[in-house]
Amino acid sequence: MPSTDLAHGDALPTAMLDRGAVALIGGGPGALDLITVRGLSLLRQADVVIVDRLGPVGLTALLGPEVEVIDVGKRPGAHTVRQDGIEELLVRKAHAGHRVARLKGGDPFVLGRGGEEVLACRAAGVPVQVVPGVTSAIAGPTAGDVPVTHRGAAVALHIVNAHGDLGPADLAALRDPGTTTVLMMGVEWLPRLVEQSVLNGVDPSTPVAIVQSATLTDQRVVHGTLATIERVAADAEISHPAVITVGRTAAAGFLDPSASGTALRGPGREAPAVERARPAAIAASAPVLIGCAHGTRSREGRDVVRAILRRIGELVPGIPVREAYVDVQSPDVADAVADLSAPAPDVRTREDDAAPAAVVVPLLLSTGLHVNQDIAAAVTGRDAAAGAPLGPDPRLAEVMAQRLAEAGTHSEDAVVMGVVGTRDPAGQAMAHEMGRVLARRLGREVSVGFLAAASPTVAEAVASRRAAGARRVVVANYLLAPGQFTSQLEDAGADLVAAALGDHPLVAEIAVDRYEATLGA
């Protein structure tokens with residue numbers, strides 16, 4: 001006998017769920033009426049229902065008491081069941097001969113890990129059928145009166161898992177005024193997302209909307225711009241679950257008939273309304289400052305570098321500040337320079353009268369391979385110039401002295417300055433000079449130890465100070481930010497290791513000085 005629609009009493013389309021099989025059912029962001037008719041038919045045949053936290057879980061109240069309902073909902077930082085456990089559960093229940101329904105919190109294949117579950121089931125010989133759902137990437141903004149496309153304003157949609165750094169394609173979408181970008185799972189990461197966007201040329205005035213608890217009774221919507229949304233969200237105490245939408249259609253009142261946004265017309269991307277803006281470097285009255293760091297896989301290290309760049313931007317309002325890297329991270333310095341400057345017939349020198357379009361400021365502490373080759377190659381043949389590295393500089397000694405004090409060092413402690421290292425003799429000489437500058441600041445001897453490519457090593461320098469009778473040896477950390485070398489410093493045998501230079505006003509001040517010196521200011 002066919003099932004009947006609970007709302008209308010009509011016969012449902014034929015859809016069979018066999019014993020020992022799985023149905024992967026797309027739902028919506030919490031709304032009961034977003035489940036498809038076919039999905040409801042399959043759900044009512046299930047012996048076991050495995051549900052997500054953000055799915056239409058109210059449907060389980062319509063099931064009989066004989067149906068086993070298993071909650072595998074994931075919350076930030078607290079997973080009821082790990083993903084591999086969910087996949088094992090699906091297979092085990094199906095192999096036991098049950099009809100299994102997997103009720104997802106949106107479309108199974110849009111950031112729902114549905115593909116992984118299908119693969120796990122089929123690899124174990126379990127048949128699977130998939131029922132499409134309504135992804136919150138579209139339903140969430142829509143519930144908050146934010147259309148993800150709109151004729152003449154937004155002709156493309158880009159959906160991002162924003163739990164981490166944005167990729168090159170994500171940043172390109174954010175820079176394109178004709179694209180709406182939806183950031184999923186990004187509320188906790190909002191400061192990082194904003195910082196990275198602005199440092200990669202996304203207009204700070206770009207509208208942003210956040211819809212929290214879309215379609216539920218406690219739904220809330222806030223609007224701002226990239227420049228203001230952190231404060232707006234904090235003031236409103238916005239938290240997860242929430243969907244972040246960035247683009248023209250996210251502006252407050254966009255669907256108000258009196259607003260200019262709804263007057264936009266045009267067939268698509270070629271319309272003037274969505275014409276790509278000129279690069280900031282070409283339009284800016286002052287050269288772009290490209291802060292070029294080494295790059296790191298450390299999340300904390302990336303945050304520190306971007307915080308320094310933000311601080312630099314605060315010191316030079318009106319001058320565009322961009323990020324670039326010589327290794328590990330993107331954008332690569334050569335790509336950043338190429339995007340922000342035009343080809344030049346000759347290599348630019350400091351004696352040139354006209355200011356370059358871009359100036360690369362190495363957020364590196366001494367010269368070496370990256371300064372002499374990577375950065376030099378990036379500016380060669382471009383309307384761009386490169387500044388000097390940050391060190392040596394007495395202000396860096398002041399920062400290290402503060403970090404040593406914060407770590408709890410004493411005046412009688414022996415100090416070893418830990419340096420990354422370089423094969424370049426000039427770079428090694430700069431490190432030793434920085435050690436002498438630090439010694440003058442502290443009023444006592446400072447040994448220099450390298451982590452790579454030069455000697456003595458930090459461990460050797462620490463051991464030497466112990467052999468000379470030091471009761472306690474501490475390391476002054478001459479790294480810009482935490483990263484792969486941090487653990488090497490900690491394993492060098494010292495009694496205490498100070499924090500890296502990090503996000504400090506003096507570091508930003510030096511970078512600005514290097515920028516101005518390159519321009520002859």
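The minimum heavy-atom distance linking P456 with V448 is given by the pair CG-O, 3.5 Å. Across I319 and A286, no two heavy atoms sit closer than the pair CG1-CB, 3.8 Å. In terms of heavy atoms, V458 sits closest to G418 at CG2-CA, 3.9 Å. Across T409 and L404, no two heavy atoms sit closer than the pair OG1-O, 2.9 Å. Of all the heavy atoms in V361 and A511, the pair that sits closest is CG1-O, 3.7 Å. The minimum heavy-atom distance between L501 and M400, with the atom names listed, is CD2-CG, 3.6 Å.
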* **Stepwise side chain to side chain donor-acceptor pair (under 3.5 Å) test for E509 and H504** => CA-CA 9 Å; E509 182 181 291; H504 193 284; over 6 Å; no
* To do: Any chance you could lay out the side-chain contact (heavy atoms from CB on, under 4.5 Å) test for R297 and Q484, step after step, and finish with the verdict?
  => CA-CA 8 Å; R297 292 182 176 86; Q484 64 171 332; over 6 Å; no
* Decide side-chain contact (heavy atoms from CB on, under 4.5 Å) for Q83 and I86; before the verdict, give the C-alpha distance in whole Å, the side-chain angles of both, and the deciding distance to 0.1 Å. => CA-CA 5 Å; Q83 183 62 33; I86 294 173; 4.0 Å; yes
* **Criterion side-chain contact (heavy atoms from CB on, under 4.5 Å) on L199 and V321, from CA distance to verdict** => CA-CA 6 Å; L199 288 172; V321 177; 4.0 Å; yes
* Would you sort out whether H223 and F254 count as a ring pair (Phe, Tyr, Trp, His ring centres under 6.0 Å), showing the intermediate values? => CA-CA 11 Å; H223 295 269; F254 182 82; over 10 Å; no
* Yes or no on side-chain contact (heavy atoms from CB on, under 4.5 Å) for L396 and L365, after CA distance, side-chain angles and deciding distance? -> CA-CA 9 Å; L396 295 178; L365 299 172; 4.1 Å; yes
* To do: Go through Q402 and E406 one step at a time and tell me if the side chain to side chain donor-acceptor pair (under 3.5 Å) criterion holds.
  => CA-CA 6 Å; Q402 291 182 25; E406 292 164 1; over 6 Å; no
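With contacts defined as side-chain heavy-atom distances shorter than 4.5 Å, the pair V333/V360 qualifies. In this structure, V437 and R441 have side chains that are not in contact, with every pair of non-hydrogen atoms separated by 4.5 Å or more. When side chains are defined from C-beta on, R382 counts as touching P343, because their heavy atoms get closer than 4.5 Å. No side-chain heavy atom of D170 sits under 4.5 Å from any side-chain heavy atom of L183. Two residues are said to be in side-chain contact when any heavy atoms from C-beta on lie closer than 4.5 Å; I308 and L480 meet this criterion. Counting heavy atoms from C-beta on, the side chains of P168 and S330 come closer than 4.5 Å. In this structure the side chain of L363 never reaches within 4.5 angstrom of the side chain of V507, judged on heavy atoms. Within the 4.5 Å cutoff, the side chain of R299 has heavy atoms near those of the R302 side chain.
With hydrogens and angles disregarded, no donor-acceptor distance shorter than 3.5 Å links the side chain of Q212 to the backbone of R220. No donor-acceptor distance shorter than 3.5 angstrom exists from the side chain of R423 to the backbone of A453, with no hydrogens or angles considered. Panel note: side chain T206, backbone D203; a donor-acceptor pair is recorded below 3.5 Å. Proximity of a side-chain donor or acceptor of R440 to a complementary backbone N or O of P394 within less than 3.5 Å is not detected. Remark: the backbone N or O of N200 is not paired with any side-chain donor or acceptor of E323 at under 3.5 angstrom. Judged purely by atom type and a 3.5 angstrom limit, R248 has no side-chain atom pairing as donor or acceptor with the backbone of A154. Under the 3.5 Å distance criterion, the side-chain polar atoms of R471 are left unmatched by any main-chain donor or acceptor of A414. Listed for the R465 side chain is no donor-acceptor partner under 3.5 Å among the backbone atoms of V416. Judged by distance alone, the side chain of T296 and the main-chain N or O of S298 form a donor-acceptor pair under 3.5 Å. Between the side chain of T249 and the backbone N or O of P147, at least one donor-acceptor pair lies under 3.5 Å.
Checked by atom type, the side-chain pair N372/T367 shows a donor-acceptor distance below 3.5 Å.
The existence of a salt bridge linking E314 and R311 is excluded, since no basic side-chain nitrogen approaches an acidic carboxylate oxygen closer than 4.0 Å. The pair E195-R306 does not meet the salt-bridge criterion, since no charged nitrogen lies less than 4.0 angstrom from a carboxylate oxygen. For the pair R444 and E412, the salt-bridge criterion is not met [side-chain N within less than 4.0 Å of a carboxylate O]. A salt bridge between D495 and R472 is absent, with no side-chain N of the basic residue lying under 4.0 Å from a carboxylate O of the acidic one. Between D513 and R395 a salt bridge is recorded (basic side-chain N to carboxylate O distance below 4.0 Å). A salt bridge is defined here as a Lys NZ or Arg NE, NH1 or NH2 lying under 4.0 Å from an Asp or Glu carboxylate O, and R514 with D393 meets this definition. Salt bridge absent: R192 and D165 never bring a charged side-chain N and a carboxylate O closer than 4.0 Å.
The CG atom of L111 sits 12.5 Å away from the NE2 atom of H163 when rounded to the nearest 0.5 Å. Distance check, rounded to the nearest 0.5 Å: OG1 of T135 to NZ of K104 gives 11.5 Å. With values rounded to the nearest 0.5 angstrom, W189 atom CH2 is found 10.5 Å from L166 atom CG. Within the model, atoms CD1 of I138 and CG of D107 stand 9.0 Å from one another, a figure rounded to the nearest 0.5 Å. The distance from atom CE of M417 to atom OG of S447, rounded to the nearest 0.5 Å, is 10.5 Å. With rounding to the nearest 0.5 Å, the separation of CD1 in I244 from CD1 in I210 is 5.0 Å.
The six-membered or imidazole ring of H370 lies away from that of Y325, with a centre-to-centre distance of 6.0 Å or more.
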